[in-house]
Structures are given as structure tokens and as C-alpha cells.
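Right, one structure below, let's go through it.
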There are 2 protein chains.
Amino acid sequence: MFQDDAGASTQLLRKINMGAVLRHALEAETFMATEAMAVTGLTRTTVLGLCDELVDRGWIEEVGDSREAGQYVKGRPARRYRLRNDVGHVVGVDAGQHTVTAVVSDLRGTILARATHALDSQDGAARRTTVRAAVDEALGLAAVHPAGVFLTVIGVPAPVDENGRSPRNNEFWDNMNPDFPTVLADRGETIVDNDANLAALAERARGTHGGSFAALLSGERFGAGLVIDGMLLRGPRGGAGEMRLLNVVEGVGSTEGLGLLGRQWAVDASRAGALPSGSILARIPAEQLSAEAVFNAAADGDITALGIVDRLGERLARIAHVLASLLDVDKVIVAGAVAAALEPVLSKATAVLEDHFEAPVPVLAASTLAADGVVLGALECGLSAVREQPLSFDPRRQARAGEREGRA
Amino acid sequence: MFQDDAGASTQLLRKINMGAVLRHALEAETFMATEAMAVTGLTRTTVLGLCDELVDRGWIEEVGDSREAGQYVKGRPARRYRLRNDVGHVVGVDAGQHTVTAVVSDLRGTILARATHALDSQDGAARRTTVRAAVDEALGLAAVHPAGVFLTVIGVPAPVDENGRSPRNNEFWDNMNPDFPTVLADRGETIVDNDANLAALAERARGTHGGSFAALLSGERFGAGLVIDGMLLRGPRGGAGEMRLLNVVEGVGSTEGLGLLGRQWAVDASRAGALPSGSILARIPAEQLSAEAVFNAAADGDITALGIVDRLGERLARIAHVLASLLDVDKVIVAGAVAAALEPVLSKATAVLEDHFEAPVPVLAASTLAADGVVLGALECGLSAVREQPLSFDPRRQARAGEREGRA
DNA sequence: CGTAGTAAATAAAGGAACTAAATTTAGTAC
DNA sequence: GTACTAAATTTAGTTCCTTTATTTACTACG
């Protein structure tokens with residue numbers, strides 16, 4: 001970043017250092033000058049000066065009770081500072097195919113409210129109004145003024161380029177990503193990204209997966225968010241992580257996801273009358289069969305379900321192998337709604353990987369974020385944007401908007 | 001980079017600005033203060049002060065004749081500065097399986113000398129001494145003192161992690177990457193990287209491919225250097241771009257490269273007596289057949305060669321499709337020694353992509369760097385490291401080493 | 001209760017790095 | 001020789017940080 005910043009005036013220093021202190025404030029529950037000195041390497045005088053300015057600008061506030069929460073007893077009690085709760089907020093949205101979920105959090109990532117709206121139409125205009133409604137409901141529940149939103153991040157089931165646009169030649173994608181920013185004006189900057197990418201960011205934020213992994217969304221169709229060396233891959237058209245290549249992978253042959261196939265194979269068996277009389281699956285009407293039901297039946301030893309799970313495990317193993325061998329990822333994290341019940345499939349796939357593929361073989365894991373992966377990733381995306389350049393946002397916008405309304 | 005630099009003292013500013021001026025000096029043939037002012041946004045006073053310091057430190061020198069080369073006539077003639085030719089040098093090495101090539105350049109990227117040594121042994125120790133010999137020969141030809149080398153970058157046919165190490169469980173890789181830094185001590189810092197990765201960097205430096213492409217090395221085995229969104233992918237073990245996945249891709253099934261298969265299929269046809277009497281290939285003894293000969297024969301209309309080229313084109317199309325569909329690359333650049341003769345294969349593959357695969361389809365191109373891709377990429381890798389952090393290198397090391405030797 | 005000890009806050013002085021504005025210098029054009 | 005031009009140089013700030021006292025607000029203990 002330095003090299004971009006040719007021509008650094010002396011005021012830039014102040015900005016760098018203020019950013020450093022502010023970043024510490026975003027992470028710490030509460031902090032004293034001495035801590036900030038250790039983090040930034042600056043003098044007490046300087047740090048206190050920066051804190052003064054941050055208070056002026058509305059980012060942090062001083063909290064009086066200095067020692068009671070303190071880690072020390074002796075000497076003059078230190079002043080303590082804290083990020084203001086009302087500095088700004090971030091909104092994360094999962095604009096899925098059938099459901100829209102919006103979540104509001106403060107800058108520390110504490111979730112204040114969520115709202116879920118069902119979508120009956122696939123039309124782009126309808127999606128726009130539903131997203132707006134969900135966002136506004138969540139903001140209302142959290143009692144956050146729209147002007148208090150720094151960023152709104154929306155996850156959509158379509159490839160999205162760095163400008164938030166999806167390829168224009170596809171009607172489905174057009175409907176999934178119908179220019180959300182215009183309908184969310186005055187709710188902060190809007191970022192649109194692919195749902196699998198955001199799920200990957202959510203996993204990355206959990207910090208337990210290392211720097212290189214794939215987050216595999218696996219409901220109806222496979223889609224992956226690829227994090228390599230800590231970086232999320234996008235591609236010029238946002239197509240990185242699209243799984244079209246599965247069509248030409250031996251033993252896979254299609255992009256159909258675990259959810260779809262698990263359900264479909266069970267339905268096929270049911271309709272064909274191929275379920276043994278004692279089968280757990282036989283008790284469920286064909287039109288109510290779901291992948292989760294199949295996985296749970298397999299966990300209970302159902303023979304048909306186990307057969308399906310084995311086939312899915314083989315399939316998943318091949319997919320994981322493809323990702324790991326081309327991209328060297330350590331781990332493939334299966335996310336999406338099916339993740340919770342996925343254990344039998346993962347065991348089978350892990351066994352297949354170890355028995356039939358050359359080391360190093362990727363670790364398979366189910367996401368622990370359940371169906372929230374995308375919306376949490378959207379939040380995380382917004383939060384990390386704020387953490388990277390906090391000073392590019394203005395904590396006073398909200399206050400000014402409030403004043404204006406008061407006058408009106 | 002700012003956020004890493006918590007605690008910026010006032011001297012940091014100087015360093016930022018000095019780096020900016022120096023970076024301009026690295027690019028411009030010669031420059032005046034006014035230019036540097038435009039580039040950096042600094043005042044004349046400051047720029048001249050920085051130039052003074054850069055002269056002191058041995059980076060640049062003042063050139064007297066100010067106006068004769070000048071773009072203007074009026075006013076007081078401007079002082080002119082130029083990067084010193086002897087500031088430092090960069091060495092790039094292609095430590096291939098059978099040949100070692102070393103190249104020496106100055107900091108502007110002008111190549112001063114090259115040396116090529118054949119390798120008869122595949123033993124790691126032998127490779128180390130050969131690499132050292134090639135480097136020293138090139139340095140001798142360029143009349144560059146070893147202490148005048150800022151960086152030596154070595155490309156090897158093995159995956160390499162960010163610390164320059166290859167996975168330990170593979171004897172071949174061990175021999176290909178046998179701890180070069182120890183044998184090149186006192187020839188600057190040593191960087192080891194995968195050959196395909198370096199070839200990709202060479203292509204990136206040419207600047208005509210956009211931010212996302214794959215450089216496909218295609219001699220005996222396929223290997224790729226992947227550049228996505230302008231970043232070179234590595235992976236935790238340096239395994240990104242390994243093409244093991246081709247084993248499970250329909251219509252490909254192995255990692256064998258175009259060079260190997262082109263030769264092998266021709267040899268098979270020759271030995272089986274399947275070559276028509278008029279065939280160009282029939283005039284070449286089986287043991288002298290090469291992929292290049294096959295491609296050239298195809299260009300001349302040889303029916304057997306055309307058959308081979310068609311099969312290879314189908315294969316290449318599938319490989320390009322896999323890379324493009326998973327990573328969204330715009331372009332697949334085929335590099336390596338076969339690249340020059342590759343046109344017939346590329347035409348076929350392009351046709352296959354357009355006819356049988358869904359858009360967007362990647363552009364195929366042969367590298368214009370011929371067999372030099374890896375060694376030029378190694379150079380580029382070193383040069384861009386210098387360009388990024390020029391001030392982390394010391395132009396005076398060489399002079400001091402010279403003095404020491406003079407005294408001794 | 002008063003004194004010693006401690007760690008933070010504050011104040012004062014100073015240095016490094018940049019800008020701005022006035023002045024000087026080294027040329028060309030006529 | 002005079003007018004003009006554009007760069008160099010000089011001089012006088014400004015900003016931001018550090019260093020070095022000095023003061024303040026507490027705890028501990030006799």
C-alpha cells in the first residue's frame with residue numbers, strides 16, 4: 001500500500017496512527033493508553049492525543065471507572081476508552097433463491113437483530129423490495145437509524161464481479177442480482193457478492209481452517225468459495241469457484257448438489273418400490289423425502305440410505321480431490337443447510353480419499369454455521385471492510401441525519 | 001500495508017517518499033525534479049532533498065548535461081538524475097531437469113549475460129554445484145561482483161512453498177530443490193520458486209494478458225502457474241497449479257504433456273508401421289521424432305500428424321476448460337519449449353472450445369517467450385521484489401566488498 | 001495519619017519532515 | 001544589455017512525533 005501512496009504529507013502519519021489506535025479499539029472491549037502504546041509503538045503523549053481526537057470525532061468515549069475492571073492495583077489509575085456503541089452498524093443480507101435474511105450488527109460484530117422474509121416470486125423487482133423490507137425490518141428491530149449503517153453486504157446465488165455485477169447474458173442471474181444498491185440508498189455503501197464467497201469469508205473469520213480452504217455450498221447445485229493463501233478468489237467475472245467443471249470430472253458428471261441428489265435418489269427408490277419393508281425411508285411419503293432425512297436414516301443404519309450416502313460420499317471425495325489437487329487447499333468445508341446432517345457422507349468421503357487418492361488429501365468438515373453461513377459471511381465482509389479502513393467511514397452521519405429530522 | 005505499520009514515526013515518511021522517488025528512478029531512463037514532483041506530489045524542495053540523499057546512499061547519480069536531452073528550452077536548466085548502472089543486479093536461474101540457465105540483469109531488467117550448463121546427473125548435490133557454476137559464469141561474463149547481486153531467484157520443477165521448500169516425502173522433488181541458498185551465499189538473498197509459477201510471472205510482466213490467466217507449462221508433464229486477480233496462487237505447500245486433477249478429467253486422464261504425447265503417439269504410429277508412404281513423419285527415424293516435428297508436419301498437411309494434433313487439441317481444450325470454469329481465467333497461455341510450434345494444436349483446441357463448451361470460453365495462446373519463460377520469470381520475480389522494497393537492499397555492499405578485497 | 005511507592009497524565013522543549021513563499025540563478029530570445 | 005522563463009535555493013513556518021521532566025491520583029504500610 002505504501003507504493004501507491006507516493007507523496008505522503010506529514011498529515012498522513014496522523015491518519016496511519018489514528019487508524020492503528022482505532023483498529024485496536026474495534027478489537028478490544030475497552031482499552032487504556034498503555035495497551036495502545038504497546039500495539040502501536042507510539043508514546044503515551046501521542047496515543048493520548050490520538051484518543052482525544054477520536055473522542056472528538058465520535059469514534060470512542062472515555063469510561064470513568066478505571067481500575068475496578070483493571071488488571072493492576074498500584075499507581076495512578078489509567079483513563080479507559082471504549083468504542084461507542086452507536087458509532088455505526090453493518091448489515092448482512094442473504095438474498096437466497098427462496099428466502100431473504102437480513103442481520104444487523106454493531107462494529108464489534110455483535111448481532112443486534114435479524115429478519116427473514118420468504119420470497120414467492122423469482123422476479124428481480126420483487127427481490128429488491130423484499131430485500132429492502134427485510135433490511136428495514138431488521139434495522140427497526142435493532143433501533144438503528146438507516147444513516148447509522150456504514151455498509152450493507154448482500155449475498156446472491158450468482159457470480160458477481162468486483163463491481164457487484166453479474167454476467168448479463170443470464171436471466172436467472174439477472175433476477176438474482178437486480179441492482180440492489182439503488183433500492184438501499186441511504187443505508188450506507190452497498191456491496192454485492194456471491195453467496196459461496198461470503199460463506200467462505202464466514203469460515204475464514206472463524207480462524208480455525210488455516211489460510212487455504214474451499215467452502216463448498218451444497219444444496220441444489222455445488223458452488224464454492226475459494227480462499228487461497230488467505231485471499232478470496234474472484235476472477236474477472238466473479239466466476240472463480242463456479243463448479244461447471246464437475247461436468248467433465250469422472251465419477252461426478254454434473255453440478256447437482258448433495259441436497260438435490262440425496263433427495264432425488266431416495267424419491268426414485270421410493271417410487272420404484274425399491275425400499276425394503278423395514279426401511280425408515282419407507283415411512284416417509286415420497287414427496288416429503290429430503291436429503292436430511294436420508295442422512296439421518298443412514299446414521300440409524302437404514303440400508304437404502306446407506307447406499308445413497310455411499311454414492312454421495314464417493315462423489316464428494318472426487319470433488320474435494322479436484323479442488324485440493326489443483327489449488328492445494330488443506331480443507332474442504334461443506335456448508336449450506338444440509339451441513340448439519342452430513343456426518344455420514346463425510347465419513348464415507350474421507351475414507352474414499354484416504355484409500356483411493358494420493359496424499360496430501362484434504363480434510364473434510366461440515367460447517368458449524370448451519371444455514372447462517374452466507375448471512376454471517378456478508379456481515380463479516382462488511383466488518384472487515386470497516387476494520388481495514390475505519391477512518392473512511394463517518395460516525396457523525398447518523399447524528400447529523402437525526403438532527404435534520406428533529407428540525408423538520 | 002499501512003495496518004501492519006502500527007506506530008509510524010516521523011522518519012517513516014521519509015522512507016515512503018524516498019521509496020517513491022527511487023521507484024520512479026527505476027522506471028525512468030533519466031529524470032528531473034519536476035517529473036518526480038508530479039509523480040510523488042511532493043514539493044521541489046523535498047524532492048531535491050530526497051535526491052541528495054539517494055545520491056549519498058549510492059542509488060542515483062546526477063548527470064550534468066541537463067537540457068541537451070531535455071524536452072524544454074526556456075528557463076534555468078534542470079538538474080538531471082539517473083539510476084546508477086552499478087547499484088545492484090538480479091540473477092534469474094532456470095534449474096530445469098536437464099539444463100540450468102542463469103541470467104544476470106541490472107535493476108532496469110536489461111540482461112547483461114547468460115550461461116547455460118547441461119546436467120547429466122539428477123542428484124541434488126550435482127544440481128547445486130551446476131547451478132552455482134552457471135550463476136558464477138554468468139556473473140563473470142557480466143563482470144558483476146557477487147556482492148553486487150541483490151537477489152538470486154531459482155525456478156525448479158517441483159512445488160515450492162513460501163519458504164522455498166518442497167514437500168519432503170518425494171525423492172524427485174528433493175533432488176530438484178536441494179537447498180540452493182547455502183551454495184549461493186554471498187550472492188544476495190536467494191528465492192526458490194516453482195518453474196510454472198515463474199513462467200506465469202514472466203507472462204504477467206508482459207502486461208498483455210489481463211489479471212487472470214494460467215501459464216501452462218507443457219513439456220513432459222503439465223504444470224500451471226495460476227494468476228487470479230493479479231495474484232499468483234501458491235497454496236500452503238506450493239501445490240497450487242499442480243495438475244494431478246487431470247487424472248480424473250474425462251477425455252484427459254493423465255498429466256502427460258503435449259510434448260510427451262505428441263512424440264509418443266508419432267513413435268507408436270511409426271513403430272506400428274501405420275504411417276502412410278507419403279508421410280513427412282515417415283522420413284524421420286522413430287527415435288528422432290519429436291512433438292515439434294509432428295506439429296510442423298501437421299502445419300504442412302501431414303495426415304497422421306493432423307490426427308495427432310486433433311487429439312492433442314481436444315485434450316488441451318478440456319484442460320483449458322477445467323481451468324477457466326473453476327478459476328474464471330480469461331486466458332490460458334501455453335509455455336515451454338513446444339510453444340513455438342504449437343499453432344495447429346491451439347487452432348484445434350480453440351475450435352473445440354467454441355463448439356463444445358459453454359461460454360465464456362478462455363482464449364488460448366502460445367507464449368512468445370519460447371524456452372526462456374522460466375528464466376525470465378525468475379528475473380522478473382527478483383526485479384519486482386526490488387521494485388517493491390528497493391530500500392531494503394544496500395547498494396554499498398558491493399563497494400565495501402570491493403574495498404575489503406583491495407586491502408587484502 | 002502521614003509517608004513512601006507506583007504508574008499514569010500532563011507539560012515543556014526539541015527534532016524530523018514537509019510546505020509555502022520569496023529570492024536567486026542560469027539559461028534563451030531579441 | 002534587457003526581458004523573460006523555469007529551475008534552484010533560501011527562509012520561515014507547520015505538523016506530528018519524541019524525550020524529559022513534573023505533577024497527579026492512587027495503594028501500601030508503619
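Numbers restart at 1 for each chain; the letters A, B, ... are given by sequence-line order, proteins then strands. Just so you know, these numbers come straight off a predicted model, no measurement behind them.
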If you measure from the Lys or Arg side-chain nitrogens to the Asp or Glu carboxylate oxygens, is any gap between [X] and [Y] under 4.0 Å?
X: Glu61(A); Y: Arg82(A); value: yes
X: Glu380(B); Y: Arg204(B); value: no
X: Asp106(A); Y: Arg108(A); value: no
X: Glu27(B); Y: Arg387(B); value: no

Nearest whole Å is fine: how far is [N] [atom2] from [X] [atom1]?
X: Gln11(B); N: dC16(D); atom1: CD; atom2: C1'; value: 12 Å
X: Glu35(A); N: dA9(C); atom1: CD; atom2: P; value: 11 Å
X: Arg44(A); N: dT18(D); atom1: CZ; atom2: C1'; value: 14 Å
X: Ile16(B); N: dA17(C); atom1: CD1; atom2: P; value: 12 Å
X: Leu48(B); N: dT19(C); atom1: CG; atom2: P; value: 12 Å
X: Arg14(A); N: dC18(C); atom1: CZ; atom2: P; value: 18 Å
X: Met37(B); N: dC18(C); atom1: CE; atom2: C1'; value: 13 Å
X: Met32(A); N: dC26(D); atom1: CE; atom2: P; value: 15 Å

Taking only N and O in the side chain of [X], is any of them less than 4.0 Å away from OP1 or OP2 of [N]?
X: Thr10(A); N: dC17(D); result: no
X: Ser9(A); N: dT15(D); result: no
X: Asn17(B); N: dA17(C); result: no

Partner residues of Tyr81(B) under the ring-ring contact (aromatic ring centres under 6.0 Å, His included) criterion, sequence neighbours left out: Phe31(B)
Are there over 12 heavy-atom neighbours, none belonging to Arg397(B), within less than 6.0 Å of that residue's CZ? yes
Taking the side chain from Thr40(B) and the backbone from Ala20(B), do they hold a donor-acceptor pair closer than 3.5 Å? no
Taking atom types as modelled, find out whether His145(B) and Gln398(B) have a side-chain donor-acceptor pair closer than 3.5 angstrom. no
Scanning both residues in full, the closest heavy-atom pair of Leu26(A) with Pro390(A) reads CD1-CB, 4.3 Å
Review item, nucleotides 20-25 of chain C N/O atoms under 3.5 Å of protein N/O:
unit_1, atom_1, unit_2, atom_2, d
dT25(C), O2, Arg76(B), NH1, 3.4

Can you give me the bend angle of the helix from dC1(C)-dG30(D) to dC30(C)-dG1(D)? Use the axis through the first five pairs and the one through the last five, nearest 10 degrees.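 Between the first-five-pair axis and the last-five-pair axis there is 10°.
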